[in-house]
Amino acid sequence: MSEPTITTPQLEIARATATEQSLKDLFIDGYRWMLLARTLEDKIASLYHAGKIVGGVYLGRGQEAFSTALGMSLQHGRDIFAPLIRDQSGRLAFGEPLLDATRTYLGSVRGPMRGRDGNIHRGRPAEGIPAMISHLGAMISVVTGMLLGRRFRGIEGQVGAATIGDGGTSTGAFHEGMNTAAIEKLPLVIAAANNQYAYSTPNTSQFACADLADRAIGYGVEPHRVDGVDLYECLRVFSLAVERAREGHGPQLVVGKLLRLSGHGEHDDGSYVSKNLKDSLLGRDCIEVAQQRMINEEWATAVDLKAWEEEAREKVREAVSCAQQEPKPDPFSERWVNLASAWLIEGSSSHA
Amino acid sequence: MSITYLEAIREAQALALRSNPAVFLYGQDIADFGGAFKATKNLAAEFPGRVKDAPISEDAMLGVAIGAAIEGMRPIVEIQFADFSSLAFNQIVNQAATHFWRTNVPCPITVRLPSGGTAGSGPFHSQSMEAIYAHYPGLIVLTPATVGDAYSMLLDSIDLDDPVIFCEHKLLYYHLKEPALPDPKNCLPVGKARITRSGKHATIVTYSAMLHESLSAADELLKDGYEIEIVDLRSIKPIDTDTILGSVARTGRLLCVGEAFPWGGVTAEVVARVAAEGFHLLDAPPQRLNAKDTPIPYHPNLWAAHRPTARAIAEVLRGMLRF
């Protein structure tokens, strides 16, 4: 099944007027977000293996191009970005502070979750970054509701994006959320990274359709397919999908094909990943693909690449060192208050 | 003029829609059709666009409400029957209930659960879910037993910045009437129990439709000269332990009656609290009475024996009073 041909006058104009310079700048920005995320996650993995991080560590290695392009296609302070576990680069590209990551992983009370939740479960819902729960698919209807809430308040033209993986598309919540968003024709972009494995379960045990993007048709949702390893293609497709949503064409499903270049989490060596897939085009490292493109197009030199790597390392060093020196949560000063209506907490002084 | 429990729920929603632009209603068949029980009758016409039909997607309905609440709205979700809230369980207990604790951003949603048994409704349209939701930190669980409470507590639910599970009893919808609606300013706040009937020989702690079975049982016992005090919890969580202990201090005997299944639950919680904090007040072992530990039967003959009735309550009371 092929998707409908989508042309929008605005996009054609944008393409026609886009100079080589602006395209190059966009790509380089994207590459540097990918690089920063990879550098950060390499450091997070080291800290985990050194016992400095408690709990799970889930990395986006191999998914940086796909995630970054989504983050860059959205506008922080206006749009909504609901990341899942492999969206470190999308978070950075969207505008989440680097310190939010290190503070949450390292349990600083100054992080947005204050030690109450960890790792990738962080968010700033009041600033358009909902804090994911572990139950896959659950964030799609939440973003749908955020968009509906904005519509009720008379705010239009703002887009909400939720990410998911191939495994997450098998949940009832994914189906219910996408269907509901389509009924309401809300500006929702669902970014499905098909990284070939849900933990250890391959696509063949996850779904029987030829391509996950085919599912969009059945929901009245516009499908998009992209090579998830190619930053250039991801930027092109996500900017189109976000634009379509913003212009009132309803939900968009973007499916990126790629390969997870790590285990499910750092506790997992991913030994079940097929060698054929690793050696295939899907198994390319999106960072290397982007570097190659910049060299080929003469957008950057080997010296630039080195300088950006050093810059990323320095930023990560600072963010880790800052979070490491900050206080950890203290169970004796923690208020253990789970209600906004604090007077209703049993045992509180004002509750008889 | 008189007003029913169901009309009180509709009036509370109408008042909330009228006075707060952030309020909207979301549920299956609630717009032009007015809801399976007509709890939203005529509201879609009076408040265009603010009473929305939802697809049969309980998980997404709650997710949508949570998202809208994050954005400053005050959604009221009608789950057609409380039993179907099992399909929204994840969003309620993992998303809504944890949201404020995790993010410091409140999640003010009201989830209306038409609850409890009615004759012929069977296993999947009769359940009482309050104990399950009360188990989870971060939720407020209310169980109004009177017309006035249905009205004022629903208004309270919408005003609260936390997720509220509002368990309204279907058996009370049509036949329970009061002459007029109360002024919410004069009503008991959320978290306070009410002593519905004063007495001195034993205390019944109960809530929702079981309040009315308990009142009938107390009438029965009065013929034998026993005065039974009845505490209507109103609010399951938070629970008003002080009022319960105060009553047990006066009577020395406790029976807790609930319509939900017996394992764990509200009645077990009340007995545990009284045993732990008021053991010295008891003249007899504290008792609890619940539905039977089977699915809820369809046939009225079986159903009437499955749930606690005035007769069953009176029988347990007589046993306790022999101590």
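Numbered from 1 within each chain, the chains take letters A, B, ... in sequence-line order.
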Toward chain A, the part of B:Q91 with a non-hydrogen atom under 4.5 Å: side chain
Heavy-atom proximity to chain A below 4.5 Å, by part of B:L139: backbone
Residue pair A:Q158 / A:Q75, side-chain donor-acceptor N/O under 3.5 Å: no
Any side-chain heavy-atom pair of A:L344 and B:D162 under 4.5 Å: no
Contact check, side chains of A:E346 and B:K237, non-hydrogen atoms, under 4.5 Å: yes
Whether over 12 other heavy atoms sit under 6.0 Å from A:I155 CD1: yes
Neighbour count above 12 (heavy atom, 6.0 Å) for B:D32 CG: no
So for [X], is it side chain, backbone, both, or neither that comes closer than 4.5 Å to the heavy atoms of chain B?
X      : answer
A:E127 : neither
A:L339 : both
A:H121 : both
A:P125 : both
A:R124 : neither

Minimum heavy-atom distance A:S341-B:L160, with the two atoms named: OG-CD2, 3.6 Å
Which of A:S141, A:A173, A:A131, A:P112 touches chain B most, by non-hydrogen pairs under 4.5 Å: A:S141
When A:G160, A:G172, A:A138, A:G115 are compared by non-hydrogen pairs under 4.5 Å with chain B, the top option: A:A138
Largest heavy-atom contact set with chain A, pairs under 4.5 Å, which of B:I70, B:D161, B:N104: B:N104
Sidechain-backbone polar pair: A:D87 side chain, A:S67 backbone, donor-acceptor under 3.5 Å: no
